[in-house]
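It should be emphasised that the depicted structure is a prediction, and the values quoted were computed from it without experimental measurement.
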Amino acid sequence: MNRSERLIRFSLRHRLLVVTGALLLLAVGGAWISGLEVDIFPDLSAPTVTVITEAPGMAPEEIELLVTFPLESAVNGSSGVRRLRSVSADGISVVWVEFHWGTDIYQARQIVTERLQRVELPAQVERPALGPISSIMGEITFIAMTSDEVSPMELRRLAETVVQRNLLAIPGISQVTALGGEIRQLQVTVHPTRLVQHDVPLAEVLQAVARASRSPAAGFHVERGQEYLVRGLGRAQTPDEVAAAVIRVLEGVPLRVGDLAKVAWGPEPARGTASYRNQPAVILSVQKQPDANTLELTADIEEALARLQETLPGGVVLETENFRQADFIEVAIGNVTKALRDGAILVVLVLILFLGSLRTTFISALAIPLSLVAGVVVISAFGLTINTMTLGGLTIAIGLLVDDAIIAVESIFRRLKGEREKPEAERRPTDEVVAAATTEVVSPILFATLIIILVFTPIFFLPGLEGRLLRPLGLAFIAALAASLLVALTVTPVLSTLLLGRSRALESREPWILRRFHELYRPTLDWCLEHRRLVIGVTLLMVLGAVALVPGLGRSFLPPFNEGSLTVAIVSPPGIPLADSDRLGQQVEEALLAFPE
């Protein structure tokens, strides 16, 4: 007695255990699946560390030569690094350090940090900083802040000091970037004629402004057993306080910053702008951490925004209906789920037509939910999410999940029907008949399943991005198919014993559709056997024709997605002014808003 036969007989002896286990799998597995992370694709981000270095006043050429190149030289050759990318712009350098798949992101950040400590940069360059941990699918939503009553400067201040800080307090958010509006800064506009009149160099004014925004420490003072910290409260808070800062004293008369310059709040020179529905706005781009659940995180964000809306000044509106990755996920997953549902329904209908019995249909079709739940549990054990790839693998397998059960049920039904035709005294026990019938088809079931699994095995050896994308599909398919094999050897014999042992279906005729197929198939088979060469020749021509069509077929890494979201990128000539670029963007927005959709 081999292992498969022992498994079948064990299941038949412990029918209550098998049925209870199947019900628990459906109940507990269904509850487990409802709490799994849902995403559009598997995590396709290689472990990447972003190094950001600011150098105000330096041109892109200087940034490339004096900042970016030393940073790349220091990081290049680090353990596990597979690729370096960089961008050098006006006053800023960004270097992306990509590590091999599977590298721990925190270990990667530690390696980069240690390498950066040895880099020597010009004095005016700020120390390199590491960007937050994120992924290429991390941008989950855009939030637009609009107002007809609040100034662009105040709107940007509210975005950065109120909305941004509250969003960053939500677990799972990696970064919140504000775009548009006006960044407030304290501006000191020096009058050159007054500098000449008072014979004061500009550097002296700069020193006075710097001194006006400091709170120096002066040690401590001990009195009567109590220690007091002594410090000078000199940090300026308003333009008037900066204007009152003393530059020098001439013959007992203080010369103040306000005597030589105008001090006031003003907007920082704009390097970008943003709009919502062709109106000026502040846009907040929200990025998530790699392991965060997009749907749950989006719900938390919207809940936090609803609370914030009540605390913001009148006229300030938080708009969230512009881009939500959650919408794309829900539509995409919904479409795949519908395909999975429709496929299961079609399989059940075909089973009813060809098996001609509700009991045999139920036994065979039960393999679908059991295998799907088991497949999802397996992929979740490997740390994967529910996404279009894993659901796609289950959808591909939906028609194959009942194959093993159908073969087992057909064999059991045929054997039981044969026993029913014998005299009652010669009939064997139902358990023995079911075990023998199932054992009879174990080899074909096992080999057929293994062959299909072997076909999908090469997916696991794909390197790089395509491997990360397609491995979840292969794992979901194989896990569900392996689960269907186990169901066919355990649950199917038990249910056949319970439901078919005394069923009246054993006395019924073959379904009419099968009889009709047999009537059509017999003469067709006879004709094909009489014209073997013709059949083989036509088959070879069809194969060659299909092969000849392959070079003319289109090629694409992914099929096109149409989930109601459109991204429009506009390329303008280098050096275009911000005002002209903004005007071009407004024209595009007007054209897009003209569409009814």
Fill in the blank from the handout: In this structure, CD of Gln110 is separated from CG of Asp104 (nearest 0.5 Å) by 11.0 Å

Handout entry: Side-chain donor or acceptor of Ser78 paired with backbone N/O of Asn76 under 3.5 Å
Key = no

Problem - Pro56 vs Gln124 side-chain heavy atoms within contact, under 4.5 Å - result: no

Problem - Heavy-atom side-chain proximity of Lys288 to Thr294 below 4.5 angstrom - result: yes

Problem - side-chain contact (heavy atoms from CB on, under 4.5 Å) assessment of Phe382 paired with Leu475 - result: CA-CA 9 Å; Phe382 282 87; Leu475 180 60; 3.9 Å; yes

Practice task
Looking only at non-hydrogen atoms, find the nearest pair between Val190 and Ala261 and report the distance.
Solution key: CA-CB, 3.6 Å

Practice task
State, without any angle test, whether Thr385 and Asn387 hold a side-chain donor-acceptor pair at a distance under 3.5 Å.
Solution key: yes

Handout entry: From Glu268 atom CD to Leu186 atom CG, the distance as rounded to the nearest 0.5 Å
Key = 13.0 Å

Exercise for the section: Check whether any side-chain N or O of Glu72 sits under 3.5 Å from a backbone N or O of Phe69 as a donor-acceptor pair, and report yes or no. Expected result: no

Practice task
Indicate yes or no for a side-chain donor-acceptor contact from Thr395 to the backbone of Leu391 under 3.5 Å, with no hydrogens or angles considered.
Solution key: yes

Fill in the blank from the handout: Taken to the nearest 0.5 Å, the spacing of Glu126 CD from Ile92 CD1 works out to 9.5 Å

Handout entry: Passing candidate, side chain to side chain contact (heavy atoms under 4.5 Å, CB included) with Ile173, options Ile140, Asp300, Val286
Key = Val286

Handout entry: Atom CZ of Arg277 with >12 non-hydrogen neighbours under 6.0 angstrom
Key = no

Exercise for the section: Evaluate the criterion side-chain contact (heavy atoms from CB on, under 4.5 Å) for residue pair Asn293 and Leu297; output intermediate values, then yes/no. Expected result: CA-CA 6 Å; Asn293 188 319; Leu297 187 57; 5.9 Å; no

Problem - Heavy-atom donor-acceptor pair, Gln187 side chain to Pro267 backbone, under 3.5 Å - result: yes

Problem - 4.5 Å side-chain heavy-atom contact, Met145 and Leu318 - result: yes

Practice task
Please assess Asp90 against Ile63 for the test side-chain contact (heavy atoms from CB on, under 4.5 Å), listing each intermediate value before the final yes or no.
Solution key: CA-CA 8 Å; Asp90 184 16; Ile63 293 287; over 6 Å; no

Handout entry: Donor-acceptor pair, side chain of Gln289 and main chain of Ile133, under 3.5 angstrom
Key = no

Handout entry: Check: Arg324 side chain, Phe142 main-chain N or O, donor-acceptor pair, under 3.5 Å
Key = no

Exercise for the section: Look at the side chain of Glu204 and the backbone N and O of Val200, then say whether any donor-acceptor pair between them is shorter than 3.5 Å. Expected result: no

Handout entry: Close side-chain approach of Leu195 and Pro201, heavy atoms under 4.5 Å
Key = no

Problem - Check: Arg109 main-chain N/O paired with Thr113 side-chain donor or acceptor under 3.5 Å - result: yes

Practice task
Would you sort out whether Glu319 and Ile143 count as a side-chain contact (heavy atoms from CB on, under 4.5 Å), showing the intermediate values?
Solution key: CA-CA 6 Å; Glu319 304 280 359; Ile143 302 166; over 6 Å; no

Practice task
Indicate yes or no: at least one non-hydrogen side-chain atom of Ser380 is less than 4.5 angstrom from one of Ile33.
Solution key: no

Problem - Salt bridge flag under 4.0 Å for residues Glu182 and Arg156 - result: no

Exercise for the section: For the residue pair Glu589 and Ser275, confirm or rule out a side-chain donor-acceptor distance under 3.5 Å. Expected result: yes

Exercise for the section: Of all the heavy-atom pairs spanning Met58 and Val125, show the shortest one and how long it is. Expected result: SD-CG2, 3.7 Å

Practice task
Output yes when Arg184 and Glu154 qualify as a salt bridge under the 4.0 Å nitrogen-oxygen rule, no when they do not.
Solution key: no

Problem - Arg583 and Asp580 ion-paired at < 4.0 Å - result: yes

Fill in the blank from the handout: Value for CD (Glu61) from OG1 (Thr68), rounded to nearest 0.5 Å, stands at 11.5 Å

Handout entry: Gln164 and Leu167, any side-chain heavy atoms less than 4.5 Å apart
Key = no

Practice task
Would you give the length of the straight line joining atom CD of Glu302 to atom CD of Gln309, rounded to the nearest 0.5 angstrom?
Solution key: 13.0 Å

Exercise for the section: Take atom CH2 of Trp32 as the centre, draw a 6.0 Å sphere, and report whether it contains more than 12 heavy atoms from other residues, nucleotides or ligands. Expected result: no

Practice task
Ignoring hydrogens and angles, tell me if any N or O in the side chain of Thr298 forms a donor-acceptor pair with the backbone of Ala326 under 3.5 Å.
Solution key: no

Practice task
Kindly say whether Val162 contributes a backbone atom to a donor-acceptor pair with the side chain of Asn166 at under 3.5 angstrom?
Solution key: yes

Fill in the blank from the handout: Taken to the nearest 0.5 Å, the spacing of Trp96 CH2 from Arg83 CZ works out to 11.0 Å

Problem - Distance-minimising heavy-atom pair for Ser88 and Glu64 - result: OG-OE1, 2.8 Å

Handout entry: Test item: side-chain donor near acceptor, Asn278 and Gln586, under 3.5 Å
Key = no

Practice task
Count the heavy atoms of every other residue, nucleotide or ligand shown that sit under 6.0 Å from CD of Glu120, and state whether that count exceeds 12.
Solution key: no

Practice task
Check whether any side-chain heavy atom of Val95 sits under 4.5 Å from a side-chain heavy atom of Ile52, and report yes or no.
Solution key: no

Practice task
Specify the closest pair of heavy atoms between Thr141 and Phe323, including all atoms of both residues, with the distance to one decimal.
Solution key: OG1-O, 3.0 Å

Exercise for the section: For Phe460, look at atom CZ and say whether over 12 heavy atoms of other residues, nucleotides or ligands are found less than 6.0 Å away. Expected result: yes

Completion exercise
Correct closest heavy-atom pair for Ala212 and Ala245 would be CB-CB, 3.5 Å

Practice task
Please name the pair of heavy atoms, one in Pro280 and one in Thr146, separated by the smallest distance, quoted to 0.1 Å.
Solution key: O-CG2, 4.4 Å

Handout entry: Contact check, side chains of Thr50 and Leu130, non-hydrogen atoms, under 4.5 Å
Key = no

